[in-house]
K.L.:
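Let me begin by handing over the structure; questions about it come next.
All chains are named by letter (A, B, ...) in the order of the sequence lines, taking the proteins before the strands, and each is independently numbered beginning at 1. Reckoned from all heavy atoms, side chains included, excluding hydrogens, waters and symmetry mates.
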Amino acid sequence: MLDKAFDPASMESRLYAASEASGAFGAHPESNSQPFTVVIPPPNVTGSLHIGHALNNTLQDVLVRYRRMQGRDALWMPGMDHAGIATQMVVERLLGAQGKTRKELGREAFVDRIWEWKAESGGSITRQLRRLGASLDWPRERFTMDAGLSKAVIEVFVRLHKEGLIYRDTRLVNWDPVFQTAISDLEVESRETKGQIWTLRYPIEGEPGRFILVATTRPETMLGDTAVAVHPADPRFADLVGKKAVLPLTGRAIPIVADAYSDPEKGTGAVKITPAHDFNDYDVGRRHDLPMPTVLDAEARIWLGEIAGELRAVEGVSDPEFVRSLAGLDRFEARKQIVAELERLELFEKVEAHANTVPHGDRSGVPIEPRLTLQWYCDAATLAKPAIEAVETGKTEFVPKQWENTFFAWMRDIQPWCISRQLWWGHRIPAWYGPEGSLFVERDEETAKAAAKAQFGRDVELTRDEDVLDTWFSSGLWPFSTLGWPEQTPELAKYYPTDVLVTGFDIIFFWVARMMMFGIHIMGEVPFKHVVIHGLVRDEKGAKMSKSKGNVLDPLELIDAYGADAVRFTLTALASPGRDIKLAKARMEGYRAFATKLWNAARFCEMNGIAARPDFDPSAATTPLARWILDGANAAIAEATAALDAFRFDDYASAMYRFTWNSFCDWFVEFAKPVFYGPDGAEKEEVMGAAQHVLGVILRLLHPVMPFITEELWTHLGYGGEASLITTPWPEAVAVRDPTEARVELDGVVRLISEVRAVRAEVNVPPSITTKLLVQGAAPETLARANRWIDAIRRLARVTEIEVLDGAPPKGVVQSVLGEATLLLPLADVIDLGAERARLAKDRVKAEGEVAKVNAKLGNAEFIAKAKEEVIAENRERLANAQAEIARLDAAMARIAS
RNA sequence: GGGCGCGUAGCUCAGCGGUAGAGCACUGCCUUCACACGGCAGGGGCCACAGGUUCAAUCCCUGUCGCGCCCA
């Protein structure tokens with residue numbers, strides 16, 4: 001016998017272990033079944049399961065379990081990402097706690113240390129995914145740094161390099177001074193900051209006493225200024241263009257150039273140009289062929305290496321000694337000293353508060369520093385074209401579709417992707433440098449050496465590029481590298497392209513776009529057919545969850561408290577397309593109750609001797625109750641299937657909730673009770689058969705979202721052995737004899753019972769009081785039906801017997817209208833006439849409103865002329881019904897009055 | 001500044017041309033032999049606002065206001 005309450009904690013680990021051990025999570029490349037492939041968005045090896053992962057992986061698991069039950073050869077590929085910066089950060093911090101630095105350790109030892117760390121504490125998330133119930137094919141688990149994937153990375157790099165799609169270039173990059181590496185545009189976030197804007201006086205060369213006022217938010221970079229720019233159409237500066245200004249502090253003469261970049265409305269209309277430390281200035285510098293001296297080092301400290309030779313002393317303007325004293329100073333400290341020096345020199349005009357957006361490194365959180373460096377780039381624009389086309393032509397579809405616009409907007413304006421990182425943890429770039437600036441990009445050192453030998457005619461010394469690749473380079477290969485590429489494995493042949501990618505909108509650019517570009521270019525096919533984008537999980541007030549706000553819901557704690565099934569069901573039910581999820585614990589309590597409800601319904605079945613009966617033939621069922629619930633189950637199957645096919649997780653969940661609770665528990669089980677408690681026989685046999693059949697359908701339909709409880713009940717009630725539900729076929733509609741007739745029958749009884757209940761409740765009749773039900777004016781079939789269902793009506797409507805009323809109604813009846821019939825409950829002793837009168841009056845007001853509304857419509861000639869036939873007919877019927885109801889309510893009130 | 005999304009019952013959200021829905025919360029009654037994580041019944045909405053299209057608008061169009069996100 002099942003326990004009285006469902007206790008998820010006591011069974012989840014056992015059930016998961018059994019499923020995993022059964023091999024049901026595994027794909028079968030050798031089978032002939034149609035594949036269904038999903039690759040997990042690989043969580044960072046440093047990560048632990050947060051609520052966003054819980055949502056993301058629940059949705060994937062729902063899809064995978066659904067398709068697996070449909071007979072597809074499902075492969076859900078697990079794995080983790082090496083997460084370059086994030087992981088290096090974690091291990092560096094650990095070293096720091098021991099008073100060591102990575103530089104002391106040296107590259108090789110440091111990388112070894114990271115591998116050690118990964119072996120000890122990395123990847124705890126995979127255990128947590130198991131707690132969630134994720135049916136990943138674990139033996140296939142991959143890591144972006146493992147040997148196979150590294151091989152794929154090298155292969156792609158070498159190929160793209162040979163095709164000219166990967167190249168080296170000296171450009172301005174976003175430089176993170178904390179990690180001392182270049183980062184891509186995407187890893188930069190703009191932050192509003194309350195800063196200041198300084199107005200400085202640059203003396204005009206050869207015109208003592210004349211100055212040009214320049215406005216800047218970054219005075220510390222002025223050491224690298226190589227021009228002052230004014231707008232070509234700005235009359236204030238027309239005569240200055242072509243002249244030179246003397247750059248304060250350094251004494252260098254710099255040209256005043258006309259360039260439309262300078263906005264006459266902003267600041268003073270003249271801007272200083274520092275090409276090596278500002279993206280806009282860089283463009284100006286290129287247009288005017290300006291020198292581009294770098295004045296900040298990798299840690300964003302003042303560095304004089306490129307300007308030291310040009311320092312000149314100019315009375316009242318510059319002092320090389322001062323500039324030399326700045327060397328090695330942090331940029332913000334240098335700013336203070338430079339401003340102070342300019343004040344001293346009276347070259348400082350004013351400073352004002354200024355709100356500006358400052359680019360910050362998304363990991364380090366400090367302002368990034370544009371720096372002119374030699375880096376590796378990927379020609380993203382070329383790779384983007386076919387990716388855009390694939391979405392335009394529907395080879396890959398985003399769900400919801402509106403995300404395609406986001407994708408297009410970015411892809412159509414994509415910039416060269418800086419793929420080199422000055423880190424130690426990652427895929428080292430397969431490039432070797434030899435004599436005379438020679439470069440060899442090859443799959444390994446040996447090949448590079450051979451190539452060098454071929455070129456130089458002798459063995460030469462080669463040094464490998466120190467840099468590693470952007471983490472997203474290897475993640476971009478995920479859909480095929482995990483399947484064995486570049487080897488032509490059976491897995492690759494069978495499971496690529498994948499079917500669905502489920503992810504959050506925050507990594508459309510980082511990840512989805514890169515997979516599209518690489519997948520199409522390398523494999524010749526899009527990496528996935530559907531991209532399902534879900535929202536962000538927020539707290540119940542809609543705020544982003546964050547540790548600092550303390551509003552984080554830990555999915556593991558939620559699983560402890562409510563069970564994995566309830567957590568999964570909640571996330572699934574709330575996953576409406578295009579919307580963030582506001583998650584409150586109250587929701588989870590509600591869905592835990594749903595799990596309990598299902599448990600108890602199964603328990604009820606069990607107590608009544610219901611067990612799985614594979615020989616039951618639903619198409620042979622004759623009793624209306626059996627046919628009705630079988631028909632309802634058919635509808636539930638259709639709803640659930642359609643919802644899952646359309647990625648409408650919310651619709652799937654609510655359809656299951658409604659059918660299980662409202663149809664099966666509230667009505668079917670209640671109607672079945674008189675049958676179960678009655679004599680044995682064909683009817684009982686059949687209703688029991690229908691009960692076990694429909695419960696089996698419910699368990700199967702719910703399995704994708706609630707794998708634990710369904711598996712437990714499935715086994716317990718004898719539908720199948722341990723861990724068998726997961727591979728049981730998805731239910732299909734069964735033939736049901738004359739379902740319409742069954743619906744008319746049962747829906748009629750439901751309406752009758754509901755009406756009697758409502759009337760009783762409204763005049764405050766306690767359930768302990770039972771009464772006769774008098775029926776007036778009922779059609780013969782209505783009466784016959786009521787009599788057929790007398791047992792259920794007795795139980796559910798607190799009625800003792802049903803009598804036809806021909807003559808005048810007795811005094812003190814409570815009346816109600818149901819279709820053509822009037823229902824009367826003799827409750828003279830119990831009810832309060834005032835309450836009854838009020839009730840009738842209220843119903844009458846409602847009916848009058850209806851009459852007025854419909855009358856107005858039908859009285860409109862244009863409505864009659866232009867509206868659809870069925871709409872007009874429907875309104876005529878509504879009018880007739882409402883008028884009849886008014887007549888009967890009036891009659892009822894007249895009787896009370898008498 | 002450009003783009004996208006959202007404003008529907010107290011809350012969280014479906015619906016998106018033809019009688020306004022769900023869950024939770026709330027109110028009343030009920031410890032009825034699966035379940036009080038329960039049963040039954042009920043109250044609660046100018047569908048943000050203003051125009052327009054239409055026989056008919058919560059739904060389509062335009063604008064306004066408010067909220068959120070992305071990009072510059």
Side-chain angles (χ1 to χ4, degrees), chain A residues 1-2 4-6 185-186 189-190 357 359 400 402-406 408-410 413 505-506 508-509 535-536 538 540-544 562-563 566 570 573-608 610 648 650-651 653-655 657-658 661-662 665-666 669-670 672-673 676-677 753-768 795-798 846 849-850 853-854 856-868 870-872 874-875 877-879 881-882:
Chain A
M1 173 68 79
L2 290 166
K4 192 168 172 186
F6 170 50
D185 299 345
L186 285 176
E189 50 188 45
S190 296
T357 49
Q402 77 232 16
W403 286 110
E404 290 179 1
N405 292 329
T406 308
F408 289 142
W410 189 67
D413 185 36
F505 57 81
D506 48 329
I508 291 179
F509 304 147
L536 214 66
R538 298 169 174 279
E540 55 195 303
K541 295 185 195 96
K544 249 186 192 169
Y562 304 104
T570 306
L574 298 182
S576 294
R579 218 166 168 135
D580 285 347
I581 291 178
K582 290 182 196 168
L583 189 63
K585 286 191 176 178
R587 296 301 294 253
M588 229 159 271
E589 283 168 24
Y591 292 123
R592 177 184 56 185
F594 175 63
T596 307
K597 186 75 183 176
L598 173 66
W599 182 265
N600 279 296
R603 185 162 174 267
F604 167 81
C605 288
E606 187 191 27
M607 289 168 80
N608 286 281
I610 291 163
R648 283 302 302 260
D650 54 341
D651 287 348
S654 70
Y657 188 98
R658 280 197 316 271
W661 202 315
N662 302 337
C665 294
D666 290 346
V669 164
E670 294 306 326
K673 279 176 182 172
F676 293 162
Y677 301 155
I753 292 168
S754 298
E755 192 56 36
V756 174
R757 280 171 168 175
V759 170
R760 289 175 51 106
E762 281 198 57
V763 294
N764 303 320
V765 182
S768 55
R795 278 182 66 87
L796 302 178
R798 317 295 295 163
K846 213 180 261 175
E850 174 84 351
K853 202 158 123 189
V854 180
K857 228 179 214 185
L858 291 168
N860 182 342
E862 284 195 287
F863 173 72
I864 300 298
K866 295 185 180 168
K868 280 180 279 185
E870 62 263 34
V871 174
I872 297 173
E874 187 191 309
N875 277 280
E877 200 183 323
R878 276 171 60 194
L879 179 63
N881 287 344

K.L.:
Quick one: do the A:Arg878 and A:Asn875 side chains pair a donor with an acceptor below 3.5 Å?
P.N.:
yes
K.L.:
Whole angstrom is fine here: how far is it from CG in A:Asn600 over to P in B:rA34?
P.N.:
10 Å
K.L.:
Would you say A:Glu606's side chain and A:Leu2's backbone share a donor-acceptor pair under 3.5 angstrom?
P.N.:
yes
K.L.:
Taking NZ from A:Lys853 and C1' from B:rA56, how many angstroms apart are they, rounded to a whole number?
P.N.:
12 Å
K.L.:
To the nearest Å, how far apart are A:Arg658 CZ and B:rG23 P?
P.N.:
9 Å
K.L.:
For nucleotides B:rC26 and B:rC70, find the distance between their C1' atoms and express it as a whole number of Å.
P.N.:
39 Å
K.L.:
What integer number of Å spans the P atoms of B:rG2 and B:rU62?
P.N.:
16 Å
K.L.:
Strictly below 4.0 Å: does A:Trp661 bring a side-chain N or O up to OP1 or OP2 of B:rG39?
P.N.:
yes
K.L.:
Say you pick atom C1' in B:rG42 and the same atom in B:rA50; how far apart are they, in whole Å?
P.N.:
36 Å
K.L.:
Mind checking the P distance from B:rC61 to B:rG5? Whole angstroms is fine.
P.N.:
11 Å
K.L.:
Would you indicate what A:Lys597 reaches in the nucleic acid, counting non-hydrogen atoms under 4.0 angstrom: base, sugar-phosphate, or nothing?
P.N.:
base
K.L.:
Report which part of the nucleic acid A:Arg648 touches: base, sugar-phosphate, or nothing (heavy-atom distance under 4.0 Å, all strands).
P.N.:
sugar-phosphate
K.L.:
Measuring only the P atom in each nucleotide, how far is B:rC6 from B:rA48? A whole number of Å is fine.
P.N.:
12 Å
K.L.:
Hey, does A:Val669 have a side-chain heavy atom less than 4.5 Å from the side chain of A:Cys605?
P.N.:
no
K.L.:
Could you state the atom-to-atom distance from CD of A:Glu762 to C1' of B:rC29 in whole Å?
P.N.:
13 Å
K.L.:
Are A:Tyr677 and B:rA34 close enough that a side-chain N or O sits under 4.0 Å from OP1 or OP2?
P.N.:
yes
K.L.:
So do A:Asp580 and A:Phe505 actually touch side chain to side chain, heavy atoms under 4.5 Å?
P.N.:
yes
K.L.:
Looking only at side-chain N and O atoms, does A:Arg579 come under 4.0 Å of OP1 or OP2 in B:rG7?
P.N.:
yes
K.L.:
How would you label the contact of A:Cys605 with the nucleic acid (heavy atoms, under 4.0 Å): base, sugar-phosphate, or nothing?
P.N.:
nothing
K.L.:
B:rA14 phosphate, OP1 or OP2: any side-chain N/O from A:Ser576 under 4.0 angstrom?
P.N.:
yes
K.L.:
Would you mind classifying the nucleic acid contact of A:Lys4 as base, sugar-phosphate or nothing, using non-hydrogen atoms under 4.0 angstrom?
P.N.:
sugar-phosphate
K.L.:
Does A:Tyr657 put a side-chain nitrogen or oxygen below 4.0 Å from OP1 or OP2 of B:rA14?
P.N.:
no
K.L.:
Within the structure shown, what part of the strands sits under 4.0 Å from A:Glu870 by heavy-atom distance: base, sugar-phosphate, or nothing?
P.N.:
nothing
K.L.:
Roughly how far apart, to the nearest Å, are B:rU58 and B:rU8 at atom P?
P.N.:
15 Å
K.L.:
Verify the contact: side-chain N or O of A:Lys673 to OP1 or OP2 of B:rA34, cut-off strictly under 4.0 Å; return yes or no.
P.N.:
yes
K.L.:
A:Lys868 side chain N/O closer than 4.0 Å to the phosphate oxygens (OP1, OP2) of B:rG18?
P.N.:
no
K.L.:
With sugar-phosphate meaning primed atoms plus P, OP1 and OP2, does A:Glu606 contact a base, only sugar-phosphate, or nothing at under 4.0 Å between heavy atoms?
P.N.:
nothing
K.L.:
Just checking A:Arg878: base, sugar-phosphate only, or nothing, at a heavy-atom cut-off of under 4.0 Å?
P.N.:
base
K.L.:
Quickly work out the A:Phe604 CZ to B:rG39 P distance and round it to whole Å.
P.N.:
14 Å
K.L.:
Would you mind reporting whether A:Ile610 and A:Phe676 have side-chain heavy atoms less than 4.5 Å apart?
P.N.:
yes
K.L.:
A:Gln402 has an atom CD; how far is it from atom C1' of B:rC6, in whole Å?
P.N.:
11 Å
K.L.:
Separation of A:Leu583 atom CG from B:rG23 atom C1', in whole Å?
P.N.:
14 Å
K.L.:
Looking at every strand, decide which applies to A:Ala593 at a 4.0 Å heavy-atom threshold: base, sugar-phosphate, or nothing.
P.N.:
base
K.L.:
With sugar-phosphate meaning primed atoms plus P, OP1 and OP2, does A:Asn405 contact a base, only sugar-phosphate, or nothing at under 4.0 Å between heavy atoms?
P.N.:
nothing
K.L.:
Roughly how many Å apart are B:rG45 and B:rA9, using the C1' atom of each and rounding to a whole number?
P.N.:
5 Å
K.L.:
Over all strands shown, is A:Asp666 touching base, sugar-phosphate only, or nothing at heavy-atom distances under 4.0 angstrom?
P.N.:
sugar-phosphate
K.L.:
Would you mind classifying the nucleic acid contact of A:Ala409 as base, sugar-phosphate or nothing, using non-hydrogen atoms under 4.0 angstrom?
P.N.:
nothing
K.L.:
Between B:rC24 and B:rC40, how far apart are the P atoms? Round to whole Å, please.
P.N.:
12 Å
K.L.:
Under the criterion salt bridge (Lys or Arg N to Asp or Glu O under 4.0 Å), I'd like the reasoning laid out for A:Lys673 against A:Glu670: C-alpha separation, chi angles, the key distance, then a yes or no.
P.N.:
CA-CA 5 Å; A:Lys673 279 176 182 172; A:Glu670 294 306 326; 3.1 Å; yes
K.L.:
Just say parallel, tilted or perpendicular for the rings of A:Tyr657 and A:Tyr591, cut-offs at 30° and 60°.
P.N.:
perpendicular
K.L.:
Under 4.0 Å, counting only non-hydrogen atoms across every strand here, what does A:Arg592 touch: a base, just sugar-phosphate, or nothing?
P.N.:
base
K.L.:
More than 12 non-hydrogen atoms from neighbouring residues, nucleotides or ligands closer than 6.0 Å to CD on A:Gln402, yes or no?
P.N.:
yes
K.L.:
With sugar-phosphate meaning primed atoms plus P, OP1 and OP2, does A:Val765 contact a base, only sugar-phosphate, or nothing at under 4.0 Å between heavy atoms?
P.N.:
nothing
K.L.:
Base, sugar-phosphate, or nothing: which does A:Ala867 touch, judged by heavy atoms less than 4.0 Å apart?
P.N.:
base
K.L.:
Roughly, in whole Å, what's the span from CG in A:Asn860 to C1' in B:rC55?
P.N.:
5 Å
K.L.:
What nucleotide, of B:rA34, B:rC40, B:rC71, holds the atom closest to the side chain of A:Ala601?
P.N.:
B:rA34
K.L.:
Taking the side chain of A:Glu670 as heavy atoms from C-beta outward, which of B:rC55, B:rG18, B:rC35 is closest to it?
P.N.:
B:rC35
K.L.:
Is there a Watson-Crick or G-U wobble partner for B:rU62 with both distances under 3.5 Å, and if so, which one is it?
P.N.:
B:rA50
K.L.:
Among B:rC37, B:rC29, B:rU12, which is the nearest nucleotide to the side chain of A:Arg587?
P.N.:
B:rU12
